[in-house]
Amino acid sequence: MEYRPSEIEPKWRAWWINQCTYAVHIDHTKPKYYILDMFPYPSGAGLHVGHPLGYIASDILSRYKRLQGFNVLHPMGFDAFGLPAEQYAIDNGIHPAISTRDNIASFKRQLGNLGLCYDWNREVQTCDPKFYKWTQWIFLQMFNHWYDTHADQARPISELIAHFEKNGNQGVQAATSFDGIFTADVWKNMSPKAQQDVLMNYRLMYRKVGYVNWCEALGTVLANDEVINGVSERGGHPVEIKPMLQWSMRITAYAERLLSGLDTVDYPDGLRMLQRNWIGRSEGAQVFFDIENSEEKLEIYTTRPDTIFGATFMVLAPEHDLVDQITTEAQRAEIKTYLDWVKSRTERERQMEKVVSGAFTGAYALHPFSGARIPIYIAEYVLKGYGTGAIMGVPADDERDFRFAEKYKLPVVQIVDKTMYPGAEMEDKVGKMVNSDFLNGMEVVDAIKEISGRLESKGIGKKRVQYKLRDANYSRQRYWGEPFPIVYDAEGVAYALPESELPLELPHTTEFKPGGGKGPLAQLDHWVKLPDGLERDTDTMPGFAGSSWYFLRYMDPHNEEAFASPEAINYWQDVDFYIGGAEHAVGHLLYSRMWHKFLFDKGLVKTEEPYKKLVNQGMIGGRSNHVYRANERFFEEYLMLKVLKPFFESYGPIKIAHTDFEEDYTYDFAFGSNDLVIEVTSAKQIDKIERVKKTAFTDHKRLLILTTEELSDLINEPKVIADKIQSAMQSKEPLITLNDKTSSEQLYVSHSLIHKYSPESFTKHHVDVNIVDSDVLDLEKARKKIQFKNANFKLDAANGDVFTCSFELEKMSKRYANVVNPDDMVEQHGADCFRMYEMFLGPIEVSKPWDTKGITGVSGFLKKFWQLFFNGSEFHVSNEQPTRDENRVLHTCIKKVTDDIERFSMNTCVSHFMIVTNDLRRLNCNKRSVLEPLVIMLAPFGPHIAEELWHRLGHESTVFNAAWPALDEAHLKSDTKEFPVQINGKLRATIELPTEISAADAEAAVLALEQIQRWLEGQKPKKVVFIPGRMINLVV
RNA sequence: GCGGGAAUGGCGGAAUGGUAGACGCGCUGGUCUCAAACACCAGUGACUUCACGGUCGUGCGAGUUCGAGUCUCGCUUCCCGCACCA
């Protein structure tokens, strides 16, 4: 009986839904396993074959774990707030809620086609008030907490207030943007607003004026990771730095834990490295320098305090607060010129700049040990936002400082002797200190310790750990996001809404354009202005708000009392296996890890880290096809090469010098002994035709006009054109224009022919890969496309009148017309086949190109597998005992597939199923005791075919309630094995020997081999290496 | 520039330090067919040989080892990330 996926697949999908096969409940009798796909944003573009890769892989793992006896949570939902829907609303007037709902529906329909085992009852959408109630709730928890760096955890703001009331802020060790010390009395005498302003500096969600990435075109502030090379990630619009009052998330408080936590999770090394770099921890020291003739101290940050004796200049960031105060009158003009220049430059220009620049302030710092006067400069290469925004310039030990010193002719004092470390770079922390007073002779590492101690005892410096990581901007001047559950009084003091007022629902509007630096919500007076005089925050939360905790909601998605019940959290704990794209490496993953740690501090979740194991799926690239459209040049070359040769032989070619044309010659073709001239042009170029007519008339030439349109029509019949030219030659007519009823407006030329013409003859265009098969264009389908309306094709006659395209590997994208839709694949080959082919392409983690051709291999395999169960049209499975060989095939498969799924190597599993199927066909095996376990093992990969066969085998319940087959090692071994025989490591022969043969017996057998004797040339081998059950190597 | 990853037939890719190229695509030949498609069978790294066989072969160059695609060192190219982070 034929395998017909289109019949069996929809049947079982409906049955699974009907039977609630994928419904998951807390079950304390089974171990839990939580498998999560990264939260998709439902874009309007629909899925291409690259998208489901991870979903299929996680689906296979989920089904496998279930068969292994785990209670598997495998949910799906949508990151439904976001910019694209809002942009779409601005462009098309469709409310984001509507377009988002529609996009989710089509996304779910496409996923539904693939037979994925999600428990849709647990679906969440971040734009659902029932969901974002808890996003707002967590936000308020963070608002109401501060980070105690001593206890190394978040604590309620109320405890901080209590401390202030007793002791002021003395003894408080906090992650804070507040500097300065106040006493309890000072605190108590502050106005309520002043107190709130102080507290704001301690909150984990806080407001501050920050320099933000403002994107005028999008009308919003962007996070650092949404800005790529100075332009917005979405749309590529310019981004400028602008000061604004914004919500900020104090992720820096968790920097150390985010870093150390990386050692406890199973993430890919590359991803861990990425996060480490992003957090960017560096250990160094802050040092205060006195400034000559000034009360101010200059605070710098350095990771190399040991090089302090090599400091020959200081550099401040141009925006540094001290610049104005310390600049001397004499230098004021120069500094101003420099600052103006810096301001005039865009972020992008600054990043691209390779040459150092700066200006001298006229002020001097005093060296804390030598007392030397050190000139203070400002320079762009020192950044306001990092460290203290000021450095000491040590040109002998820092590349940039050296370049700066070179340019401004500043002295270079060698302070580290690296002669005993050949190959050490300038900035390596090795060598012996010289020219450094009391540090002389010390190794760098010891010198760092020594100087740190001295700085500290002198009270002019301190060890300090610094991070590159910045607090995340948490405000967006946008509509389609979570509103802030915050109101402000007349003085601008922020108050949290009471929990009872959550969710604060997003009000309806039809106007989405931002204005004046404010989001669309600002225009909704009735919503913003409250009766009691308070005003709402008019920004919305960023995209990462909902996605920072969504995986917790899946544990208990309908709970109205909490974001998830303690019972659910206790049972499901955390995500065991997380799969998704590497693009979330530093954004989503860092943010959600931070939220999880915060909730952990609060005792609301049970683990420090949200995701135990993480796998990044690779991208699937597209294979684009190109067609070549003929330019006018092509027709001229074509006539020359294919048609006119005999005419030139008869009449002789001539060239007529140009009169008033731009081209070199007046006519495209002219002849020595015939007064006919030929002009090739598009019929659309009426002006040109008129001019040529006039010129021909003046020259007393008869004119034949060949239009590219008619040539296109006749392109596959060169003889017809030749005949027409022939009759024109013989005619007496002064003007011959041919057929004006043409159907072709363009001509496309088979790629196999274009090498005969010059490259300028063609323009390359993408063509939809779905109408191309093995680079051959399907002309029937092509003619239906708008692209080829009124087009003709020059076919490759030598190769059976085909039209070929060239190909290129590119990103899969509508723009390249190379998008392959999974729906089409499922329709043609079935979901099981599509799923297995996706896996078969290669390792999940690796990027690879899609090639639709190869899917026939998997399709053929499934047909063969199906046929194992049938005798002609009849389902026929025998109950006989399996043979040794059959058992070996089965158990080898159990071992291989089990091992490979465990190491997430799905491609080799599919390969192995193919091998097994081929083996069993050879063995003519249709035995239940072999086939039934195979059906169970195939089920995670091809759930539909497995369910069908499982039921035909007589089972009533789903195959996913079966148990994964157990391995019996005894069946793996065969009696004999073909041993490779090597001479000096090179394979020279193979020999069939008992698998368990002893070294001595093997040696004897091998030495008896004629081929081996030939290599030994009568000598005895020096040494015999025998690996039992594996191989034999003779050393001669 | 810094950091990470990769490099194996025409293509996607296999290979606990032990028979390199499994499996599939493609290609070639054959069977079936009036023919094509499907299906099935056989072959398919390069060079060489009538053949048996031999030589070379996992980006390049060294090394460790009885034995290296795999381990070590040095280079080349490509991909990804970060980019004046003091």
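Here the structure is a predicted model, which is why all the values come from computation and not from measurement. Throughout, a chain's letter reflects where its sequence line sits, starting with A, and its residues are numbered from 1.
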Quiz item: Is any NZ, NE, NH1 or NH2 atom of the basic residue among A/D775 and A/R623 found under 4.0 Å from an Asp or Glu carboxylate oxygen of the other?
Solution: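 A/R623 and A/D775: salt-bridged.
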Quiz prompt | Nearest listed nucleotide, side chain of A/L274, among B/G81, B/G4, B/C41 | solution =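 Nucleotide nearest to A/L274's side chain: B/G81.
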Quiz item: Nearest to the side chain of A/R921, which nucleotide is it out of B/A14, B/C40, B/C84?
Solution: B/C40
To the nearest Å, how far apart are [X] [atom1] and [N] [atom2]?
{"X": "A/E845", "N": "B/C80", "atom1": "CD", "atom2": "P", "value": "18 Å"}
{"X": "A/N616", "N": "B/G4", "atom1": "CG", "atom2": "C1'", "value": "13 Å"}
{"X": "A/L383", "N": "B/C84", "atom1": "CG", "atom2": "C1'", "value": "6 Å"}
{"X": "A/M839", "N": "B/G12", "atom1": "CE", "atom2": "C1'", "value": "14 Å"}
{"X": "A/F313", "N": "B/A86", "atom1": "CZ", "atom2": "C1'", "value": "11 Å"}
{"X": "A/K896", "N": "B/A14", "atom1": "NZ", "atom2": "P", "value": "10 Å"}
{"X": "A/M392", "N": "B/A86", "atom1": "CE", "atom2": "P", "value": "13 Å"}
{"X": "A/F861", "N": "B/C38", "atom1": "CZ", "atom2": "C1'", "value": "19 Å"}

Would you measure the distance from the [atom1] atom in [N] across to the matching atom in [M] and give it in whole Å?
{"N": "B/A36", "M": "B/U31", "atom1": "C1'", "value": "16 Å"}
{"N": "B/C60", "M": "B/A35", "atom1": "P", "value": "49 Å"}
{"N": "B/G4", "M": "B/A86", "atom1": "C1'", "value": "23 Å"}
{"N": "B/G9", "M": "B/G57", "atom1": "P", "value": "14 Å"}
{"N": "B/A14", "M": "B/G21", "atom1": "P", "value": "15 Å"}
{"N": "B/U76", "M": "B/G26", "atom1": "P", "value": "40 Å"}
{"N": "B/C66", "M": "B/C73", "atom1": "C1'", "value": "23 Å"}
{"N": "B/C32", "M": "B/C38", "atom1": "C1'", "value": "11 Å"}

What does the list of N/O pairs under 3.5 Å between the protein and nucleotides 44-55 of chain B look like, with a distance for each?
from: B/U55; atom 1: OP2; to: A/R988; atom 2: NH1; distance (Å): 2.8

Quiz prompt | Qualifying salt bridge (charged side-chain N to carboxylate O under 4.0 Å, His left out) pairs, either residue in residues 1024-1036 of chain A, two or more places apart | solution =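 Found none.
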Quiz item: What salt bridge (charged side-chain N to carboxylate O under 4.0 Å, His left out) pairs are there with at least one residue in residues 852-868 of chain A, not counting sequence neighbours?
Solution: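 Residue pairs passing salt bridge (charged side-chain N to carboxylate O under 4.0 Å, His left out), neighbours aside: A/D773-A/K853.
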Self-check item: Partner set under side chain to side chain donor-acceptor pair (under 3.5 Å) for A/D263, not counting sequence neighbours
Solution: A/R276
Self-check item: For A/K462, side chain to side chain donor-acceptor pair (under 3.5 Å) partners two or more places apart
Solution: none
Exercise. Pick base, sugar-phosphate or nothing for A/R272, based on heavy-atom distances below 4.0 Å to the nucleic acid.
Key: nothing
Practice problem: Describe the nucleic acid contact of A/K848 in one word from base, sugar-phosphate, nothing, applying a heavy-atom distance below 4.0 Å. | Solution: sugar-phosphate
Exercise. Verify the neighbour count for atom CD of A/E992: are there more than 12 heavy atoms of other residues, nucleotides or ligands below 6.0 Å?
Key: yes
Could you pull out every donor-acceptor pair under 3.5 Å between side chains of residues 903-911 of chain A and any protein atom, sequence neighbours left out?
from: A/R903; atom 1: NE; to: A/D900; atom 2: OD1; distance (Å): 3.2
from: A/R903; atom 1: NH2; to: A/D900; atom 2: OD1; distance (Å): 3.0
from: A/S905; atom 1: OG; to: A/N907; atom 2: OD1; distance (Å): 3.4
from: A/S905; atom 1: OG; to: A/T908; atom 2: OG1; distance (Å): 2.6
from: A/T908; atom 1: OG1; to: A/D900; atom 2: OD2; distance (Å): 2.7
from: A/T908; atom 1: OG1; to: A/S905; atom 2: O; distance (Å): 3.0
from: A/S911; atom 1: OG; to: A/N907; atom 2: O; distance (Å): 3.3

Self-check item: Residue that, paired with A/L1034, satisfies side-chain contact (heavy atoms from CB on, under 4.5 Å) out of A/V1006, A/V1025, A/N984
Solution: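 Running side-chain contact (heavy atoms from CB on, under 4.5 Å) over A/V1006, A/V1025, A/N984 with A/L1034 returns exactly one hit, A/V1006.
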Quiz item: RNA chain B: A/K863 or A/V846, which has the more 5' nearest nucleotide?
Solution: A/V846
Self-check item: Which residue lies more 5' along RNA chain B, comparing A/L1034 with A/G842 via nearest heavy atoms
Solution: A/G842
Quiz item: A/R400 side chain N/O closer than 4.0 Å to the phosphate oxygens (OP1, OP2) of B/C85?
Solution: yes
Quiz item: Under 4.0 Å: is that the gap between some side-chain N or O of A/Y301 and OP1 or OP2 of B/A86?
Solution: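 Result: no.
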Practice problem: Name all residues meeting the salt bridge (charged side-chain N to carboxylate O under 4.0 Å, His left out) criterion together with A/K463; count only those two or more places apart in sequence or in a different chain, and write none if there are none. | Solution: none
Quiz item: For A/F289 and A/M392, what are the C-alpha separation, side-chain angles and deciding distance, and is it a side-chain contact (heavy atoms from CB on, under 4.5 Å)?
Solution: CA-CA 10 Å; A/F289 283 72; A/M392 59 178 190; 4.2 Å; yes
Quiz item: Parallel, tilted or perpendicular for A/H588 and A/H584, by the 30°/60° rule?
Solution: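 Taking A/H584 first and then A/H588, their aromatic rings stand perpendicular (interplane angle over 60°).
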Exercise. Whenever both distances are under 3.5 Å in a Watson-Crick or G-U wobble pair, mark it; put RNA chain B into dot-bracket that way, with [ ] for crossing pairs and | when the partner is on another strand.
Key: (((((((..(((.....[....)))((((((.......))))))((((....))))..(((((..]....))))))))))))....
Quiz item: What pairs with A/E1003 under side chain to side chain contact (heavy atoms under 4.5 Å, CB included), at least two apart in sequence or on another chain?
Solution: A/L1007, A/V1024
Practice problem: Name all residues meeting the ring pair (Phe, Tyr, Trp, His ring centres under 6.0 Å) criterion together with A/Y408; count only those two or more places apart in sequence or in a different chain, and write none if there are none. | Solution: A/Y377, A/F404
Going by atom type alone, with no hydrogens or angles, which donor-acceptor pairs under 3.5 Å involve a side-chain atom of residues 832-844 of chain A and a protein atom two or more places apart or on another chain?
from: A/D832; atom 1: OD1; to: A/H944; atom 2: N; distance (Å): 3.3
from: A/D832; atom 1: OD1; to: A/H944; atom 2: ND1; distance (Å): 2.7
from: A/D832; atom 1: OD2; to: A/H944; atom 2: N; distance (Å): 3.3
from: A/D832; atom 1: OD2; to: A/I945; atom 2: N; distance (Å): 2.7
from: A/R835; atom 1: NE; to: A/F941; atom 2: O; distance (Å): 2.9
from: A/R835; atom 1: NH1; to: A/D59; atom 2: OD2; distance (Å): 2.9
from: A/R835; atom 1: NH1; to: A/L114; atom 2: O; distance (Å): 3.0
from: A/R835; atom 1: NH1; to: A/G115; atom 2: O; distance (Å): 3.1
from: A/R835; atom 1: NH2; to: A/D59; atom 2: OD2; distance (Å): 2.7
from: A/R835; atom 1: NH2; to: A/P940; atom 2: O; distance (Å): 2.7
from: A/Y837; atom 1: OH; to: A/D851; atom 2: O; distance (Å): 2.6

Exercise. Quick one: classify the glycosidic conformation of B/G59 as syn or anti, with syn meaning within 90° of 0.
Key: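 Here the answer is anti: the torsion falls beyond 90° from 0.
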Exercise. Report, as a single string ordered 5' to 3', how protein heavy atoms within less than 4.0 Å touch nucleotides 17-28 of chain B: B base, S sugar-phosphate only, - not at all.
Key: -BB--BBSSS--
